[in-house]
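To start, the structure itself, in structure tokens.
Please read these numbers as outputs of a predicted model, since none were measured by experiment. Throughout, protein chains are lettered first and strands after them, A, B, ... in sequence-line order, and every chain is numbered starting at 1.
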Amino acid sequence: MDYSKTLNLPRTDFPMRANLPQREPEILKFWEEHDIYRQVQEANKGKPKFILHDGPPYANGHIHLGHTLNKILKDIIVKYHSMNGYDAPYVPGWDTHGLPIEQQAIKDLGLNRRAIDVVEFRNRCRDYALKYVNIQREEFKRLGVRGDWEHPYLTLEPEYEAIQIGIFGEMAKKGYIYKGLKPVYWCTDCETALAEAEVEYGERRSPSIYVKFPVVDARGLFEAEGSFIVIWTTTPWTLPANVAIALHPEFKYVLVQVGDERYLMAAELYRQVLELLAIKDYQVVAAFTGAELEGVLCRNPLMDRDSVVILGEHVTLEQGTGCVHTAPGHGLEDYEVGMRYNLPVLSPLDDRGHFTPEAGQFAGLFIEDGNKAVVKELEARGALLHFSFIKHQYPHCWRCKHPVIFRATEQWFASIDGFRQQALAAIKEVKWIPAWGEDRIYNMVAERSDWCISRQRTWGVPIPIFYCVDCGKEIINDATISHLQELFREFGSNVWFAREAQDLVPEGLKCPACGGREFRKETDIMDVWFDSGSSHAAVLTTRPELGWPADLYLEGSDQHRGWFNSSLSTAVATRGRAPYRQVLTHGFLVDEEGRKMSKSLGNGIDPADVIREKGADVLRLWVASADYRRDVAASPGIMQQLTEAYRKIRNTCRFLLANLYDYDPEKDRISREEMLEIDRWAMDKLQRLVGRVTQAYEDYEFHVVYHTIHNFCAVDLSAVYLDIIKDRLYTWPAASRGRRSAQTVLYETINVLVRLLTPILAFTTEEIWRYLPATPGKPVSVQLAGWPQVQDEYLDDELQARWDKILQVRDVVTRALERARQEQGLGNSLNAAVHLYPDSGLYRFLQPLEEELATIFIVSLAVLHSPGEEAPATAFAAEDLPGLKVLVEMAPGEKCERCWMVSPTVGRDTDHPTLCKRCAAVLRQA
RNA sequence: GGGCUUGUAGCUCAGCAGGUGAGAGCGCACGCCUGAUAAGCGUGAGGUCGGUGGUUCGAGUCCACCCAGGCCCA
């Protein structure tokens, strides 16, 4: 007879192999059909809100692993909160304006920016952006991210744009917006000003020149005639704009006699400069502090203009001469120090980087040629002391990769000074996670200069300002702004470009300065950071399901300078506080060596590949497994590891499901009092799991969730509990109290696990959910299931301590079994009879358990010897448990065909001669 | 160069306010099982806690410096 038919062996259709790449799309369809986002929102109506405000990714290109990390983290947080007591809406958004889209649109569509109509061009840009919104939306959905994908927010939407110019108007009203001539990064190729965020540093070869400026008035400190101040620069083309030479007030400067000329340089640097100039005969004839030299007048060697000695702390001794050529039109530090001395801001260049007539003989030359011409002229005039080239880090345009310049132009600025103190105070009200984020943004805001909002481009929100044609006065007030907001709401910001100024101003507008009635409009558009920085107002205040401020912003740590900062600025300027209560940041992606992911290193991981090969849940598990507060590593090896971990979790769940095929939670549930002790132990472990994991979710520490759950599955369940209870599940009568007791634990466990895992393994838990025994009111989706609560009645510290010790003994026994396997060819542990020789303390502990020991060790017989009995010399002893010796022998009797235990009782039952007493009884009972 | 930050076994992470020979899981090696089976179980080998120098009776844990990374900025 085949007795295996009489066993309660595991039974399930839940597949062992996940086959995620195929299965996930089906589940996505299921969510879509059931409109799961809507259902969850409905179910959570009225609960306290938890609002995570999505930072809008840029609608350009496919998503990469960085997006993946960010969006999955957000999804984990949203799903956790929506399961555990909150109404947690998630409205995704996209950043849709800006130069990169403009350039891609030009490139992809073969547009000629100058030939095409502005509105038409903007429409093409819009189409391009929307195309990528759709692409990215599908890609984000494929990750299992749940949100209001049908109603995302887009910075190009009319309503959004209307609110954005409202913010601008508000800031203007408070006097935070001004027009200034200021050096900004300027790309001569793109012909636009660039924000600091739009330049990147890279190596470049530049000329390196030493130039002598003749002194014309030494203020009586030394003889002017024949004296020169020596400067060093890597940008000869800026010399025509030179108006000053900066010295450090506290440095020592010396006057060095060389032939019949005298050169002024920093005392610490003159030797190396003279060496470079190959001058060996010289003599120091005088010394001054920088402060003493303030006001000395030189002559610009190129232009008919003076160059005055000024003082600045920014002067260093690292390179050059300690005398810094200063052109306020071409450098920020120069500009700032120049302001203190009321120096003119000269910038004799046009948009394309060609000198204007203001540059005299250099007019018309491009900067590169300007460099050569300047050097040549200096040489001709005898002012050039030395010329060579150096390689150094230099800013480049992030789009076209051309080197950028500093150039003073008319720009609209937001004055950070206007609300800096408020911003700093607002920062302190926010909870920054990790805490150092506060220092980072605080220092940044404390030191940042004014925000240049102007962009000389077309794909963006126009700066909503009019000018009086008669007197040139700029006009922006409540009337113009609200009128424009109406127009924008109706027609979008395209209306600004489609209509003449006369058709954009509110009726009856008069210039407040001269009463003029003719206007022209500003042509600059806003920095895209102003777009996304307005999202808190444009999104949180306009949607009924949201609210202001947000509970949480969650982005990469680079956004301290980006979105966190721009959002803070617009919020503080208009509302006086930060738009977020908490800001959580994650690190960046690196490979296993900790190096950043880059095309040149070839170490990138494409999320699409991972999804295709392993599934999105593996990607989600990867996100959960990493401590994302620091940099996050990704590599094929790491993904493989997560695949293994995934399988362990999946198979553990499968085993639980497979042993519940005949369990009805309504009828078969066993109470704690009736449970076997080891089952109570497992229930206790489960409660502790719920507690730890819930706390970890609360703390946003998902790697703790991952490790805790994985460890629970691998150790507590798979290696210990499940292994031990197999005999009971399989061989005991199906409806016996013992088997139902174990099944009750399995049912509780899978119910808890599937919920705890739902924020992370979005797809797999949905699949598991379908295999759980149906109960009244079971929701269609696990995402609608509640969060497990710790059941205090199962917590029992004494029980835990007791089982820690039992498992310690078990650990020694398994080692003894292993030795027996090696030395005696034991094989299956059920072949063994284990003899325990404990000391008296351990004996007292084990004695009450004697009957259970064989089961716990998964052997056929366990014999507990009294403390008096001497263990045979061959017995196994473990150092870590000195009170115990273990002897392993072959178990006496025959192997029972049904339960595989070896027992002397096999053969005694006439009906079942190949079964042990226990199995025979089970069959008779059935 | 500046601001912020990271560096514990091959990998992902623990190491609580400094104190018995540094832990877990995975992976790996070897073995067992074949009633979780493209599964399950066991045993074992892996670490100068980035480096150096300090403080201390005692440091992975405090301080300084250095090295190698990361984000942002010059």
[atom1] gap between [N] and [M], integer Å:
N       : M       : atom1 : result
rA9(B)  : rU52(B) : C1'   : 23 Å
rG46(B) : rG27(B) : C1'   : 11 Å
rC13(B) : rG7(B)  : C1'   : 14 Å
rU6(B)  : rA17(B) : P     : 16 Å
rC16(B) : rU34(B) : P     : 45 Å
rC4(B)  : rU48(B) : P     : 32 Å
rC66(B) : rA29(B) : C1'   : 38 Å
rA64(B) : rU55(B) : C1'   : 11 Å

Does OP1 or OP2 of [N] have a side-chain N or O of [X] closer than 4.0 Å?
X         : N       : answer
Arg595(A) : rG69(B) : yes
Lys648(A) : rG40(B) : yes
His586(A) : rC71(B) : no
Tyr646(A) : rU12(B) : no
Tyr730(A) : rA36(B) : yes

Can you measure [X] atom [atom1] to [N] atom [atom2] for me and round it to whole angstrom units?
X         : N       : atom1 : atom2 : answer
Arg654(A) : rA36(B) : CZ    : P     : 10 Å
Asn711(A) : rC11(B) : CG    : C1'   : 16 Å
Phe588(A) : rC71(B) : CZ    : P     : 7 Å
Arg815(A) : rC32(B) : CZ    : C1'   : 18 Å
Trp436(A) : rG70(B) : CH2   : P     : 15 Å

G-U wobble or Watson-Crick pairing nucleotide for [N] (cut-off 3.5 Å, both distances):
N       : value
rG18(B) : none
rG44(B) : rC28(B)
rA64(B) : rU52(B)
rA36(B) : none
rG23(B) : rC13(B)

Tyr661(A) six-ring face occupied by Arg11(A) cation (under 6.0 Å, within 45°): yes

Lys885(A) charged N/C atom sitting above Phe876(A) aromatic ring, 6.0 Å / 45°: no

At under 4.0 Å between heavy atoms, what does [X] touch on the DNA or RNA strands: base, sugar-phosphate, or nothing?
X         : answer
His560(A) : nothing
Asn19(A)  : nothing
Gly827(A) : sugar-phosphate
Glu823(A) : nothing
Ser718(A) : base
Arg647(A) : sugar-phosphate
Val704(A) : nothing
Arg898(A) : base
Leu7(A)   : base
Glu333(A) : nothing

Which nucleotide in the set [options] lies at the smallest distance from any side-chain heavy atom of [X]?
X         : options                   : answer
Tyr706(A) : rA36(B), rU12(B), rG3(B)  : rU12(B)
Lys726(A) : rG31(B), rG40(B), rC13(B) : rG40(B)
Gln641(A) : rU37(B), rC13(B), rU12(B) : rU12(B)
Ala719(A) : rG25(B), rC41(B), rC32(B) : rC41(B)
Asp627(A) : rA14(B), rA36(B), rG31(B) : rA14(B)
Met16(A)  : rC41(B), rA38(B), rU43(B) : rA38(B)
Asn651(A) : rA36(B), rU34(B), rC72(B) : rA36(B)
Ile638(A) : rA14(B), rU12(B), rG42(B) : rU12(B)
Asp723(A) : rG40(B), rC26(B), rA24(B) : rG40(B)
Leu9(A)   : rA36(B), rG35(B), rA24(B) : rG35(B)

Between [X] (side chain) and [Y] (backbone), is there a donor-acceptor pair under 3.5 Å?
X         : Y         : answer
Arg728(A) : Arg739(A) : no
Asn651(A) : Arg654(A) : no
Glu555(A) : Gly55(A)  : yes

Side chains of Asp527(A) and Trp451(A), donor plus acceptor under 3.5 Å: yes

Donor-acceptor side-chain pairing of Gln800(A) and Asp804(A) below 3.5 angstrom: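 Looking only at side-chain atoms, Asp804(A) and Gln800(A) do not form any donor-acceptor pair under 3.5 Å.
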
Whether Phe564(A) and Trp432(A) hold their rings parallel, tilted or perpendicular, with breakpoints at 30° and 60°: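 Phe564(A) vs Trp432(A) ring planes: perpendicular.
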
Stepwise side-chain contact (heavy atoms from CB on, under 4.5 Å) test for Leu689(A) and Leu753(A): CA-CA 9 Å; Leu689(A) 177 80; Leu753(A) 271 182; 4.1 Å; yes

Donor-acceptor pair under 3.5 Å, Arg440(A) side chain vs rC71(B) base: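 Between rC71(B) and Arg440(A), which were checked side chain against base, a qualifying N/O pair under 3.5 Å is present.
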
Approximate separation, where rounding is to 0.5 Å, of Phe712(A) CZ and Lys685(A) NZ: 8.5 Å

Pairwise 5' ranking along RNA chain B for Arg17(A) and Ser4(A), keeping only the more 5' one: Ser4(A)

5' priority, RNA chain B, between Gly637(A) and Thr814(A) [closest heavy atom]: Gly637(A)

Glycosidic class, syn or anti, of rG54(B) using a 90° window around 0: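 Anti conformation here, the glycosidic angle of rG54(B) being more than 90° from 0.
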
Whether Trp900(A) stacks on the six-membered ring of rG35(B) base, 5.5 Å and 30° limits: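 Stacked: ring centres under 5.5 Å, planes under 30°.
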
